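So you know, we letter chains A, B, ... as the sequences are listed, proteins then strands, and number each from 1. Since we're looking at a predicted model, the values are computed, not measured.
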There are 2 protein chains.
Amino acid sequence: MNKLDRSLIVGLPAFEGLTAETLDVVLASARSQRIEKDTAVFEQDAEANSFFILLDGRVRVVKLTPDGQQVIVRYIVPGELLGIAQAIGRSTYPASAIAVTDCVVLAWPGKLWAEFATAHPGFGMNTYKTVGTRLQDVQTQVVEMATEQVERRVAHALLRLVQQSGRKTDEGLLIDFPISRQDIAEMTGTTLHTVSRLLSAWEEKGLVISGRQQVTVTQPHRLMLLAEGRVERD
Amino acid sequence: MNKLDRSLIVGLPAFEGLTAETLDVVLASARSQRIEKDTAVFEQDAEANSFFILLDGRVRVVKLTPDGQQVIVRYIVPGELLGIAQAIGRSTYPASAIAVTDCVVLAWPGKLWAEFATAHPGFGMNTYKTVGTRLQDVQTQVVEMATEQVERRVAHALLRLVQQSGRKTDEGLLIDFPISRQDIAEMTGTTLHTVSRLLSAWEEKGLVISGRQQVTVTQPHRLMLLAEGRVERD
DNA sequence: CCGCTTCATTGCGTTATCGCAAATACTGAA
DNA sequence: TTCAGTATTTGCGATAACGCAATGAAGCGG
């Protein structure tokens, strides 16, 4: 078994404020794991045997409805925790997590979570802060879904993706992982058709450039105006 | 200053597992407060100077959008925490809380939250569990809003209200606080008109009885079938 | 390099839901 | 008891968004 290096996790929000010794202790029980693109890190309703930190790649968190529809709850970027069912008092995962690209994660046995949290209060605090942040994010999303029409919701979603995973290119800010019209639809509660029409219209207006599983926002500012609803809805 | 009695909070989930002495310590810094119907317990974006437990009455938690629309995030029933901005790492309240009926709350200075949480880990855990539960609730709501059409969303909302605040009457389960069509609309992201039409249709079918600011679910089972979408949508 | 699969586009008809407006019903206070 | 203020109902027209279906483009595996 190859020893994991402390530098992997130093500086991550989840471990902020912990001593070097603590990091080593924590790392000692972690195992690193490669997750191939399009495979699951964990599955909804399965026993929450592990919790994870994403070190590299992108992960999509998805909820499946009884009738087979999907909703994308959020995207995870490197440095973020995922599968922390324990921290919210669950024994099963409330959603599935799918690797959007090839990924590397650190995994810990789920039962260690409580141990860590009590032995290293800072770690507990940090995860709770994550949970709190996500609560706010999701509540914002509810407000959007309740009050905004589709065009603005999709605009907001794109802006969030760009903020989280935007890579600067010649043309603008590229969302730097593969994302389909269907994916965007599942994030915003609409259909791939509507998303496609919107992107086409926006491309026409010069706000974005989009292709197969790829979106670049060329004029974030104008897109933001549109998202905020104070504009040009022709 | 009248001393608060331990019996007020014994048995509440937030204080579960704490010793009698601890309860007394905690109570020593609490002040009890009466909140008149239709007044605010706290206001969105205000400094989070206090956190609360609702002892009696009902509170509506509302988010206001920049353009003046409202969304009802949740209803609080006695025994529940509210205004726990500290626990999610915020210094301002992310929403407003309005008394739906005359209420009694216990209030603590916000800065005490962190003290309590460290001095009495059980208390911290309990609030975090609350935050976790709410995260799941809200995520469920996002999934509903993304995948279900209005009729099912409203049905789900009513069932939740009945479950949380249903009082058995001759006719069925009465939501035991005043709730308008507008309120239900703001919970489900629709309009009071649509809610009114739905309630009328359901009354026709014998599922509910509704009046001014009042709803009784007479056939919860059939309403649930409708909410789950396996039915009679004529 | 070819064929297959997946993804995206777009026209067109359908429909759920909205938004307005007018009428009606209920409640609490004077 | 009456009046004023709110809440509710309901008809009707408008429309945002869906859903289908057909076509076209892009990428992947052999």
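Look at NZ on K37(B): it is 13 Å from P on dT6(D), rounded to the nearest Å. One can place CD of E203(A) at 13 Å from P of dA8(C), the figure rounded to the nearest angstrom. Rounding to whole angstrom units, CZ of residue R181(B) and C1' of dT24(C) are separated by 14 Å. Atom CG of L199(A) and atom P of dT9(C) are 7 Å apart (whole Å). The interatomic distance linking Q213(B) (CD) with dT6(D) (C1') rounds to 8 Å, in whole Å. Here dC20(D) presents its P atom at 13 Å from CZ of R197(A), a figure rounded to the nearest Å. L192(A) has its CG atom 13 Å from the C1' atom of dA21(D), to the nearest Å. Atom CG in D38(A) sits about 12 Å away from atom P in dC28(D), given to the nearest Å.
Residue S196(A) is classed as a base contact, given a heavy-atom separation below 4.0 Å to a base.
For the OP1/OP2 pair of dC18(C) and a distance below 4.0 Å, the side-chain nitrogens and oxygens of T190(B) include at least one atom meeting the criterion. Under 4.0 angstrom from either OP1 or OP2 of dG19(C) there lies no side-chain N or O belonging to T191(B). Taking 4.0 angstrom as the limit, S200(A) places a side-chain polar atom (N or O) nearer than this to OP1 or OP2 of dT10(C).
At a threshold of 4.0 Å, the pair R60(B)-E186(B) does not count as salt-bridged, since none of the basic side-chain nitrogens sits closer than that to a carboxylate oxygen.
The side-chain contact (heavy atoms from CB on, under 4.5 Å) test with R167(A) singles out one residue from T216(A), D176(A), V162(A), and that residue is D176(A).
L82(B) places a side-chain heavy atom less than 4.5 Å from the side chain of F42(B).
Counted by atom type alone, S180(B) and D183(B) present one or more donor-acceptor pairs between their side chains at under 3.5 Å. Remark: the E47(B) side chain and the N49(B) side chain contain no N/O donor-acceptor pair separated by less than 3.5 Å.
Side-chain atoms of R212(A) come within donor-acceptor range of the base of dT6(C), with a qualifying N/O pair under 3.5 Å. For dT10(D), its base sits under 3.5 Å from the side chain of H193(B) at one donor and acceptor pair at least.
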